[in-house]
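Working notes for the structure below.
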Amino acid sequence: MRFCAVGVLNTMLTLAAFEALTHVGLPAAPASALGFALGAVNGYLINRRWTFRSTRHGTATLLRYVAVQAFGAALSAAGVALASSDLAVRHLAAEAVVLPIVTLVTYTLARRLVFGVPPAARAA
């Protein structure tokens, strides 16, 4: 539940940053990238401290986090593309189907590969 709450916060932060940046005249593409980056940094910090209570930090942990987020974005894009073209599902419906799967995958990867929650803590 914490991971999902952080995801909602990241989405709100991303959208607010996008809106603010485009409002001051930044083109949509770089505003989107900057908004996403802001949400990702927020997600890294809060997930590390609150969701996973991890003491792991540093460049290697951050790079693993970025890799997991990039994989999640690619998985989401591929799932939506497949569902909306090959299965003729509308885009929003495809996103609604793909999102829980991507969330579960990225949570699992973050828990095991990025923040390295010890096995004893996993059982809790």
Determine whether [X] and [Y] make a side-chain contact, defined as any pair of heavy atoms from C-beta on separated by less than 4.5 Å.
| X | Y | result |
| --- | --- | --- |
| Leu15 | Glu19 | no |
| Leu113 | Thr108 | no |
| Cys4 | Thr103 | yes |

Checklist entry - Where the side chain of Asn42 meets the backbone of Leu38, is there a donor-acceptor pair that is under 3.5 Å apart? => result no
Checklist entry - Ignoring hydrogens and geometry, is there a side-chain-to-backbone donor-acceptor pair from Thr14 to Gly35 under 3.5 Å? => result yes
Item to check | From Thr106, Val98, Val102, residue fulfilling side-chain contact (heavy atoms from CB on, under 4.5 Å) relative to Leu75 | outcome: Val102
Checklist outcome for this item: Tested for side-chain contact (heavy atoms from CB on, under 4.5 Å) against Tyr44, the lone hit among Leu62, Asn10, Val66 is Leu62
Item to check | Thr61: partners by side-chain hydrogen bond (donor to acceptor under 3.5 Å, both in side chains), with sequence neighbours left out | outcome: Arg64
For the hydrophobic clusters of this structure (ILVMFWY residues joined by side-chain heavy atoms under 4.5 Å, transitively), does one cluster hold both [X] and [Y]?
| X | Y | value |
| --- | --- | --- |
| Phe36 | Leu9 | no |
| Phe71 | Val68 | yes |
| Leu45 | Leu109 | yes |
| Leu13 | Ile46 | no |
| Phe18 | Leu21 | no |

Checklist entry - Mind checking whether Tyr65 and Phe115 have parallel, tilted or perpendicular rings, split at 30° and 60°? => result tilted
Next on the checklist: My understanding is that only residues two or more places apart in sequence, or in another chain, count here; which of them pass side-chain contact (heavy atoms from CB on, under 4.5 Å) with Arg2?
Outcome noted: Trp50, Thr51, Arg53
Next on the checklist: Please evaluate residues Arg48 and His57 with respect to the criterion side chain to side chain contact (heavy atoms under 4.5 Å, CB included), reporting the C-alpha separation (whole Å), side-chain torsions for both, the decisive distance (0.1 Å), and the verdict.
Outcome noted: CA-CA 8 Å; Arg48 183 174 67 81; His57 60 281; 3.9 Å; yes
Next on the checklist: Within this structure, what is the CG-OH distance for the pair Asn47 and Tyr107, rounded to the nearest 0.5 Å?
Outcome noted: 9.5 Å
